[in-house]
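Written below as structure tokens is the structure these notes are about.
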2 protein chains.
Amino acid sequence: MPRDPASTAPTLEEVAALAGVSRSTVSRVVNRSPHVTDEAVLAVEEAIGRLGYVPNRAARSLASRKTHVVALVVPESTAKVFADPFFASVVQGIALYLADTDYTLNLLIASETDSNKIKRYLLGGNVDGALVVSHHSGDHSFANIGQSLPVVFGGRPLLEDIVDSYYVDVDNAGGARAVTQHLIESGRRRIATITGPLDMPPGVDRLSGWLSAVRGADLPDDLIEQADFTLAEATAAMRRILDRDPDVDAVFAASDQMAAGALTALRERGRRVPEDVAVAGFDGDYFSETSSPPLTTISQPATELGAKMAEVLVELMAGREVRRVTMMPTELVVRASTGS
Amino acid sequence: MPRDPASTAPTLEEVAALAGVSRSTVSRVVNRSPHVTDEAVLAVEEAIGRLGYVPNRAARSLASRKTHVVALVVPESTAKVFADPFFASVVQGIALYLADTDYTLNLLIASETDSNKIKRYLLGGNVDGALVVSHHSGDHSFANIGQSLPVVFGGRPLLEDIVDSYYVDVDNAGGARAVTQHLIESGRRRIATITGPLDMPPGVDRLSGWLSAVRGADLPDDLIEQADFTLAEATAAMRRILDRDPDVDAVFAASDQMAAGALTALRERGRRVPEDVAVAGFDGDYFSETSSPPLTTISQPATELGAKMAEVLVELMAGREVRRVTMMPTELVVRASTGS
DNA sequence: CTGAAAGCGCTAACAC
DNA sequence: GTGTTAGCGCTTTCAG
């Protein structure tokens, strides 16, 4: 049986004794207070090294009234999409950033039915701040806790009125515009789009990016079909597009998975990609790399977005000024699906 | 600016005052001590509800010398495969189970290069136990900390010698045997397998399940090609199989993703599925549902596995006896890829 | 620049 | 069964 590690852990007091100073001084050294003599610092560090002293988090937070813990709140619906590679990278970015600070990450899955439990936990003084990943839904039901606790969201809020929340988002509109632009520049004229749900920010924003590009080029903006980010629905949407206009020569799908669905529909209708129809996606995920042909897409800086979220939160917790909105740039990745 | 939440959080003392009892009694109620009158319990719970009281973790752990924190250690390589739907569900299962206990989950991404940092953290008295998800690699490099801290692994260890670690695993061999059996029962005689890497437990175990089934039926066991769980390599493996024996009439791929790759290769060689060749996978993930035809596969109880890991750890931390090895059953899901 | 003293909010004996 | 009394290990005024 494991033995109790605490019973063996050296305390600040022992360090003080060994270093021949008071506990206060040790505390100051540990917390990097500037008002300590170099000699004292040295003696204390020496003692800390010899004893292998590690501060006790609990005692520290009890006394300082700071937990040094940040919550990572994942709405359960998002958790199902946990498999979403994008989401996974965001989490990784968060964790890696925080690993270099002395904050600790608390993973919370917020069941939709009982989000109050989480709210109570968050407001119960158990964490210094929270990160909410609701990328897909734009659900900011935790927005109101932002008034009592520093909170940073991943993805912009669904409701424009919740303007007072901090969030980091990918430039969905800009990316969609850029990839559509690419379609236009490679000579396509009849460009369709398969959108995500229009009650989700990424759905709306990617559509608006497409709109701005086709309108800017004086091309028709009527070939719009909605789907739900899944391959199956996108396949159906692509069929509808082909029915509506057999002459379509390009399609921008708001996600790579949907672009893969479009590929399926095009194949079944005997259209060649990219000769007859160019296909572009969004996300830069697994699907875009493995489909045949590989997809031109907009890749998102997922890890960086996560790191940025954490960074903004850390600033917020330190009481520093931060911009409420941070947009992460996207990158156009050109592959075979839009031309040779 | 957010105001300090701690200044506002009700304390145990206030609950005691409101309920008209002492702090000890409140503490007992909160900790579900059996030695309290029903009336007292009621009064305290009433007060807790009215005040929205949440115990302060720091104070609690300082006094009890328990952190009530469990670490979820994710090797960085696994984190990249974070997108793995299986892994995602495991994490969800862990989080949901723990949500009903009063343990808190600490997410740690262990960089391969500096696992000592994590070890120090774990051994520094910051957590009461750890969960290590290393499902794919079978890497139990954290095995030795199991001597000083309760640790439960997801997936069996790669090295048989590390028999003293606790782990929960899916019955890979059993599942592989079952699905191969199904192939045999539906009349297939020339059955190939595409394996995962043979330095990963799931790779080895699924191969051994296939072996046991074909040998048990006195069928040839030579049609084995190795891949690495990815679609691309599996496509190549399937081509090699077709080259080696054009008469192959079934293939068991050790993952759905690989089965999808097999489908691609079969299609390009003009083989019909399931008429000419039956295809079966393993995992029961997204790929098995969306490929065409949908795949017969072995679905894994991912969420349950996560919950079980958490449960075993909780028992361990409570000092109770637990079996070192827990096997989770799998389920055969029959779809179009192996017959009408 | 450093030490002494007073808790942070809770649990854990120990009496009652 | 319940209250009282001490701390848990650290930070933080406040003197010096």
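Each chain gets a letter, A, B and so on, in the order the sequences are listed, and its residues count up from 1.
- By the side-chain contact (heavy atoms from CB on, under 4.5 Å) test, Ala95(B) pairs with Ile109(A), Leu105(B), sequence neighbours left out.
- Protein atom NE2 of His68(A) is 19 Å distant from nucleotide atom P of dC8(C), rounded to whole Å.
- Checking the phosphate oxygens (OP1, OP2) of dT11(C), a side-chain nitrogen or oxygen of Arg60(B) falls inside 4.0 Å.
- For His35(B) and dG1(D), the NE2 to C1' distance is 9 Å, given to the nearest whole Å.
- Each of Ala40(B) and Ala63(A) lies near DNA chain D, and the nucleotide nearest Ala40(B) is the one positioned closer to the 5' end.
- Computed from coordinates, the Arg57(A) CZ to dC8(C) C1' distance equals 17 Å when rounded to whole Å.
- The side chain to side chain donor-acceptor pair (under 3.5 Å) contacts involving residues 96-108 of chain A comprise His68(A)-Asp102(A), Thr104(A)-Tyr121(B), Asn106(A)-Tyr121(A), where partners must be two or more places apart or lie in separate chains.
- Between Arg65(B) and dA12(C) there is no side-chain N or O to OP1 or OP2 distance below 4.0 Å.
- Remark: Asn56(B) is not in phosphate contact with dC8(C), judged by side-chain N or O atoms under 4.0 Å from OP1 or OP2.
- Scored by the side-chain contact (heavy atoms from CB on, under 4.5 Å) test, Thr303(B) finds Ser89(B) as partners (sequence neighbours excluded).
- Taking 4.5 Å as the limit, every side-chain heavy atom of Leu72(B) sits out of range of all side-chain heavy atoms of Leu108(B).
- Distance, Asn31(B) CG to dG9(C) P: 17 Å, rounded to whole Å.
- The nearest whole Å value for the distance from the CG atom in Leu62(B) to the C1' atom in dA6(D) is 13 Å.
- In this structure, CG of Asp38(A) is placed 9 Å from P of dC1(C), rounded to the nearest angstrom.
- Summarising the geometry, the separation between NZ on Lys66(A) and P on dC10(D) is reported as 18 Å, rounded to the nearest angstrom.
- Non-hydrogen atoms lying under 4.0 Å from DNA chain C are contributed by Arg23(B), Ser24(B), Ser27(B), Arg28(B), all within residues 20-29 of chain B.
- Applying the ring-ring contact (aromatic ring centres under 6.0 Å, His included) test to every pair with at least one member in residues 18-41 of chain A, sequence neighbours left out, gives no pairs at all.
- Listed by first then second residue, pairs satisfying side chain to side chain donor-acceptor pair (under 3.5 Å) with a partner in residues 39-57 of chain A number zero, not counting sequence neighbours.
- Side-chain contact between Leu98(A) and Val314(A) is present, with at least one heavy-atom pair separated by less than 4.5 Å.
- The distance from atom CG of Leu12(A) to atom P of dC10(D) is 5 Å, rounded to the nearest whole Å.
- Nearest to the side-chain atoms of Tyr53(A) among the listed nucleotides dC10(C), dC10(D), dG9(C) stands dC10(D).
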